[in-house]
Amino acid sequence: MTLRLSAADAGRLSAVAEALLTPVDGAGVRGWALGVERRLRELFPGTNAIVTWPEGDRLRFESETLDDGTRRRLIELSGADTTTGLFLNVDPAVTAWHRWRREQRVEVWSDASNRSTLARLGFDFRTSTWYNDGLVAAGLCDFGGISTLTPTSEFFLCYGYDRFGRQPLNEEDRLTLLALLLPAVRAGHHALAAHRAQQPPAGEGAAGDASEALLVTGADGRVVHRTPALGRLLLEEPERERVEREMAAMAGELVRLRRRRAGEGVLAPGAVRTVVTAHARWTLRASYVTADPGDATVRVAAEAARLEPPPVTAVVRTLGLTRREAEVARLLARRMSDAELAAALGISWHTARRHSERVLQKLGVDSRTKVGAALLGQP
């Protein structure tokens with residue numbers, strides 16, 4: 001069944017995305033996180049929500065509905081690797097789930113999907129310490145969530161109910177709704193990581209650090225600046241006009257989002273977009289320059305990674321995959337998640353997941369990170 005959003009639901013979805021895309025300002029990191037958490041609870045009425053990221057060797061849990069005792073218990077049961085920023089947990093079931101999630105690049109999950117995964121890994125999540133003393137105690141029954149990963153940290157966004165049986169959405173619809181938020185969560189995590197690294201923020205209408213590959217648009221959506229670093233990247237790209245069009249389109253979406261009329265119900269824009277050309281895989285991240293709701297100035301950052309996976313015909317011929325499986329395998333080799341796969345191929349998230357599992361099975365690999373090597377015939 002296809003998820004149908006009312007205008008009010010679409011507006012609430014947009015509000016979460018806008019909160020995630022608004023940079024950390026005078027309200028500080030906590031104010032930004034609580035703004036995101038508040039909008040998430042408005043999207044899922046009657047829920048509690050938590051925003052989580054690492055600080056040193058501990059995890060930081062921000063929530064307006066979390067009492068101090070439960071917060072302390074969550075901190076006691078968890079931790080963070082100070083070198084990698086990866087989440088740690090005293091519960092072996094959660095440790096196994098973290099490992100599986102990172103290897104498979106799973107970014108959208110739910111209570112039901114996690115219990116199913118852990119059962120395959122030999123654990124009963126319902127008896128785990130983290131589940132009972134942590135999530136259930138925090139009022140996160142029938143939960144759903146999103147996790148993202150950068151080279152220096154992880155970031156979690158999770159919601160749930162204070163008791164079981166209150167979840168009004170079926171499994172597919174709730175995962176689809178979370179997947180719609182995924183690009184904005186990635187962009188918010190990236191902005192938080194940049195802020196915590198104490199990079200100098202871009203001034204109002206400014207381009208930011210000259211070493212960054214940035215495109216900046218004004219309040220009318222027109223391009224006002226390109227950094228030299230972006231110019232150098234585009235010079236190496238034969239499809240540079242297409243890439244720049246995508247960057248301008250992303251900026252235009254954010255401009256329209258900030259200008260939307262109250263209650264109009266604009267869907268969340270693609271704050272993070274992947275553009276694959278014959279030359280490279282581009283990752284584009286759009287965000288507002290200032291936190292002022294009246295300022296629609298936007299910056300779009302670009303990163304390019306040169307990738308040359310084998311053509312579909314070669315994959316079909318040498319590895320015995322169907323043409324569709326070969327297309328999926330090439331996208332997996334570019335480190336695409338199931339949500340990105342679904343968008344690229346015009347299929348549902350669940351169909352993309354099934355294709356991915358078949359490709360891994362046929363290639364004889366146990367992780368998405370090994371697909372690229374398998375396509376190239378490497379051990």
Side-chain angles (χ1 to χ4, degrees), residues 3-25 27-53 60-67 70-71 107-111 135 138-148 155-189 191-192 253-254 256-272 287-288 291-294 296:
L3 175 66
R4 296 181 181 275
L5 293 177
S6 66
D9 288 335
R12 286 190 284 267
L13 184 66
S14 296
V16 182
E18 187 169 3
L20 283 158
L21 299 175
T22 299
V24 177
D25 61 359
V29 171
R30 186 170 190 269
W32 172 82
L34 291 179
V36 171
E37 179 259 357
R38 191 178 307 118
R39 294 297 190 182
L40 187 66
R41 287 189 285 111
E42 291 172 358
L43 177 62
F44 297 100
T47 63
N48 302 305
I50 297 180
V51 181
T52 309
W53 68 90
R60 180 165 175 173
F61 299 91
E62 289 296 349
S63 171
E64 290 184 337
T65 63
L66 192 64
D67 64 77
T70 304
R71 188 193 308 273
E107 297 172 293
V108 177
W109 30 266
S110 69
D111 191 334
L135 299 180
L140 296 178
C141 302
D142 289 336
F143 62 80
I146 299 173
S147 56
T148 55
F155 182 81
F156 271 42
L157 195 64
C158 185
Y159 80 93
Y161 299 83
D162 57 7
R163 62 179 184 270
F164 292 98
R166 298 190 62 189
Q167 172 61 256
L169 297 175
N170 62 44
E171 179 76 359
E172 183 170 1
D173 284 353
R174 63 196 297 200
L175 290 174
T176 299
L177 195 56
L178 289 169
L180 289 173
L181 277 177
L182 180 57
V185 174
R186 287 182 185 147
H189 180 196
L192 176 65
E253 289 179 0
L254 292 200
R256 289 190 292 275
L257 177 64
R258 190 155 259 191
R259 286 180 164 186
R260 78 189 192 284
R261 295 187 299 274
E264 184 178 348
V266 181
L267 280 177
V272 179
S287 60
Y288 297 111
D292 180 1

With sequence neighbours left out, what residues match [X] under salt bridge (Lys or Arg N to Asp or Glu O under 4.0 Å)?
| X | result |
| --- | --- |
| Glu107 | Arg186 |
| Asp67 | none |
| Glu42 | Arg39 |

So do [Y] and [X] actually touch side chain to side chain, heavy atoms under 4.5 Å?
| X | Y | answer |
| --- | --- | --- |
| Phe44 | Arg12 | no |
| Val108 | Thr176 | no |
| Leu177 | Asp9 | no |
| Leu40 | Leu181 | yes |
| Tyr288 | Leu257 | yes |
| Arg38 | Glu64 | yes |
| Asn48 | Leu66 | no |
| Phe155 | Ile146 | no |

Check [X] against [Y] and note the closest heavy-atom contact, atom names and distance.
| X | Y | result |
| --- | --- | --- |
| Asp142 | Asp111 | N-OD2, 3.3 Å |
| Gly35 | Ala19 | O-CB, 4.1 Å |
| Leu21 | Ala187 | CD2-CB, 3.5 Å |
| Asn170 | Asp173 | OD1-N, 2.7 Å |

_Within this structure, what is the CG-OG1 distance for the pair Leu34 and Thr65, rounded to the nearest 0.5 Å?_
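Answer for the CG-OG1 pair, Leu34 versus Thr65, is 10.0 Å.
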*OG1 on Thr148 to CG on Leu157, rounded to 0.5 Å*: 9.0 Å
Atom pairs and distances, side-chain donor-acceptor, residues 158-165, under 3.5 Å, sequence neighbours left out:
| residue | atom | partner | partner atom | Å |
| --- | --- | --- | --- | --- |
| Tyr159 | OH | Gln167 | NE2 | 3.3 |
| Asp162 | OD1 | Arg166 | NH1 | 3.1 |

*Who are the side chain to side chain contact (heavy atoms under 4.5 Å, CB included) partners of Thr52, not counting sequence neighbours?*
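Residues passing side chain to side chain contact (heavy atoms under 4.5 Å, CB included) with Thr52: Ile50, Leu59, Phe61, Phe87, Phe156.
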*Using the test side chain to side chain contact (heavy atoms under 4.5 Å, CB included), find all partners of Glu171 that sit at least two apart in sequence or belong to another chain.*
Ser110, Ala112, Ser113, Arg174, Leu175
